[in-house]
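Notes follow once the structure below has been shown.
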Protein chains: 2
Amino acid sequence: MATESTDPGSVRPGGRTARVRAAVLRAAGDALAEGGLAHLDLAEVARRAEVGRTTVYRRWGSPTQLVADLLADMAEQSLPRTETGTLLGDLRANARLVRRTLADPRQGALFKAVIAAATCDDQTAAALHRFYEIRVDAWQPCVQQAVERGELPEGTDTREVVRAVSAPLYYRLLTSDAPLDEAAADRAAEATVAAARAGVFTRSAE
Amino acid sequence: MATESTDPGSVRPGGRTARVRAAVLRAAGDALAEGGLAHLDLAEVARRAEVGRTTVYRRWGSPTQLVADLLADMAEQSLPRTETGTLLGDLRANARLVRRTLADPRQGALFKAVIAAATCDDQTAAALHRFYEIRVDAWQPCVQQAVERGELPEGTDTREVVRAVSAPLYYRLLTSDAPLDEAAADRAAEATVAAARAGVFTRSAE
DNA sequence: GCCATAACGGGACTCCCGTTCCATTAGATG
DNA sequence: CATCTAATGGAACGGGAGTCCCGTTATGGC
């Protein structure tokens with residue numbers, strides 16, 4: 001048995017290997033943003049990245065696994081979080097950041113494609129879930145502070161509050177052709193604050 | 001020019017043609033629910049539907065276009081809407097219906113795959129948007145009634161309220177591996193009511 | 001019930017995706 | 001700087017997806 005030797009890149013991750021990975025991931029991101037998951041062709045990615053086809057097939061194997069690696073890369077680049085001192089201010093800043101990202105032609109298309117890939121493959125789904133776990137954890141403290149300030153009831157599920165801000169924006173991105181304007185972002189933040197104040201996000205037991 | 005003759009099925013839509021379409025769409029739904037968009041193979045769909053490969057390639061051409069037709073078919077089957085007399089009751093019924101659908105292994109996987117397909121192709125996206133437009137329109141009246149009863153402020157964007165109920169459920173389905181339990185559905189309904197009561201969904205001007 | 005033809009279905013063909021083999025390049029270690 | 005070998009990349013190969021051609025079926029109109 002002995003786990004199939006080792007994946008390429010795990011023994012000698014420096015120099016060229018890292019450069020190849022960076023070039024391939026960038027090319028994959030571009031291709032995804034342009035054509036979506038269905039048009040993601042490993043041969044074309046190799047061409048764009050100026051890398052041998054064989055290398056791409058060997059190291060990533062399938063489009064969905066390539067996306068999984070792309071997600072792992074995206075998860076490492078964390079954005080700085082702004083602090084305004086009030087819950088509404090913090091959540092609005094978050095909502096506007098999410099909106100700006102999703103409304104950007106390249107980034108928006110990329111996120112759509114990445115979500116699509118996660119629906120096709122369990123490993124990719126795991127990578128996507130991890131990505132959002134990290135993002136939610138990064139913003140969760142501002143809700144925690146609101147609880148400590150007395151703005152929100154004790155026992156509030158702080159992570160669920162953060163997710164409630166993003167949800168309507170992603171829902172609109174995927175199921176509607178209406179533009180993601182800043183008003184939608186502000187509404188998402190306000191709705192979340194209203195619900196959180198009403199105690200909707202308190203976990204009853206446990 | 002003269003629009004490339006006519007699509008198959010438009011001149012003689014009865015009998016066999018309709019039977020073929022039904023068989024193919026059912027097979028496509030099964031295949032999508034099992035393997036997701038990436039594993040949707042037109043040849044296999046033809047085999048499952050006991051239909052000639054040529055027919056499937058000629059009438060639908062690509063996986064995404066097949067999904068677009070599947071969506072048009074799904075949009076026609078509308079679910080009956082329950083009425084409880086209160087806004088929270090109606091929205092909770094809606095939320096639980098959505099949750100039950102998405103939590104069902106086959107239906108949930110199918111919805112994921114359909115959303116994935118919509119991210120790859122404009123026509124499929126249009127079909128998906130139309131599907132949700134119809135669903136939202138079907139539930140919008142219960143919010144309208146709440147406005148008329150005085151439960152919600154005048155000028156409330158009733159459709160946006162309906163969307164606010166679904167959003168967190170879809171967001172969880174796609175970006176998390178947490179189970180879609182009934183508590184999540186109830187929370188979505190309660191959060192939406194709290195926000196709507198606070199006037200978050202009133203459109204300022206226009 | 002009969003005819004014209006829309007739509008289907010089988011088989012052959014082509015092309016490209018994905019794999020395999022091996023020579024070449026360039027990290028890592030001393 | 002020399003050596004070992006992980007990792008890359010070119011070339012050739014096999015198989016299956018998608019297309020084309022044409023005969024067959026059965027629908028809609030009279």
Side-chain angles (χ1 to χ4, degrees), chain A residues 2-28 31-32 35-69 73 117 120-121 123-124, chain B residues 2-28 31-32 34-69 73 117 120-121 124:
Chain A
T3 52
E4 41 185 30
S5 61
T6 46
D7 325 277
S10 59
V11 176
R12 240 180 225 181
R16 180 169 63 167
T17 299
R19 207 158 47 244
V20 166
R21 186 173 108 110
V24 168
L25 292 187
R26 191 167 41 72
L32 277 179
L37 179 67
H39 302 94
L40 183 62
D41 180 25
L42 293 197
E44 198 200 322
V45 169
R47 223 176 302 128
R48 289 198 196 211
E50 296 180 327
V51 156
R53 283 196 310 288
T54 311
T55 301
V56 178
Y57 282 113
R58 180 173 36 224
R59 283 190 63 177
W60 291 279
S62 72
T64 54
Q65 285 177 299
L66 178 53
V67 173
D69 196 28
D73 189 64
C120 299
D121 178 74
Q123 284 188 14
T124 310
Chain B
T3 52
E4 42 184 31
S5 64
T6 46
D7 326 277
S10 60
V11 176
R12 239 181 227 180
R16 180 169 63 166
T17 300
R19 206 158 47 243
V20 166
R21 186 172 108 110
V24 168
L25 291 188
R26 192 166 41 71
L32 277 179
E34 286 174 27
L37 178 67
H39 301 93
L40 183 62
D41 179 25
L42 293 197
E44 197 199 323
V45 169
R47 223 176 303 128
R48 288 198 197 211
E50 294 180 329
V51 156
R53 282 196 310 287
T54 313
T55 302
V56 177
Y57 281 113
R58 182 172 35 222
R59 282 190 64 177
W60 290 280
S62 71
T64 55
Q65 285 176 299
L66 178 54
V67 173
D69 195 28
D73 188 64
C120 299
D121 178 74
T124 309

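To find a chain, count down the sequence lines: A is the first, B the second, and so on, and within it residues start at 1. Since we're looking at a predicted model, the values are computed, not measured. As a basis for the values below, the full set of heavy atoms in this structure was taken, side chains included, without hydrogen atoms, waters or symmetry mates.
Taking the side chain as every heavy atom from C-beta outward, Leu40(B) and Val67(B) approach each other to under 4.5 Å.
Rounded to an integer number of Å, the gap from Glu44(B) CD to dG18(D) C1' is 16 Å. One can place CD of Glu50(A) at 15 Å from C1' of dT8(D), the figure rounded to the nearest angstrom. In this entry the distance linking CZ of Arg59(B) with C1' of dA6(C) reads 11 Å, nearest Å. Rounded to whole Å, the distance from NE2 on His39(B) to C1' on dA17(D) is 15 Å. Rounded to a whole Å, the CZ atom of Arg21(B) is 17 Å from the C1' atom of dA6(C).
The shortest non-hydrogen separation linking Thr64(B) to Cys120(B) is CG2-CB, 4.0 Å. Counting all heavy atoms, side chain and backbone alike, Ala31(A) lies closest to Val45(A) at CB-CG2, 4.5 Å. Among all heavy-atom pairs drawn from Leu66(B) and Ala28(B), the shortest one is CD2-CB, 3.7 Å. Scanning all heavy atoms of the two residues, the minimum distance from Gln65(A) to Gln123(A) falls at NE2-OE1, 4.0 Å.
Here Arg19(B) does not reach the OP1 or OP2 of dC8(C): none of its side-chain N or O atoms lies under 4.0 Å away.
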Below 3.5 Å, can you tabulate the donor-acceptor pairs from side chains in residues 53-60 of chain B to any protein atom, sequence neighbours excluded?
unit_1   : atom_1 : unit_2   : atom_2 : d
Arg59(B) : NH1    : Thr17(B) : O      : 3.4
Trp60(B) : NE1    : Asp69(B) : OD2    : 2.9

Review point. If the sugar-phosphate is the primed atoms plus P, OP1 and OP2 and the base is the rest, what is the B/S/- string for nucleotides 18-25 of chain C, using protein heavy atoms under 4.0 Å?
Key: BBBB---B

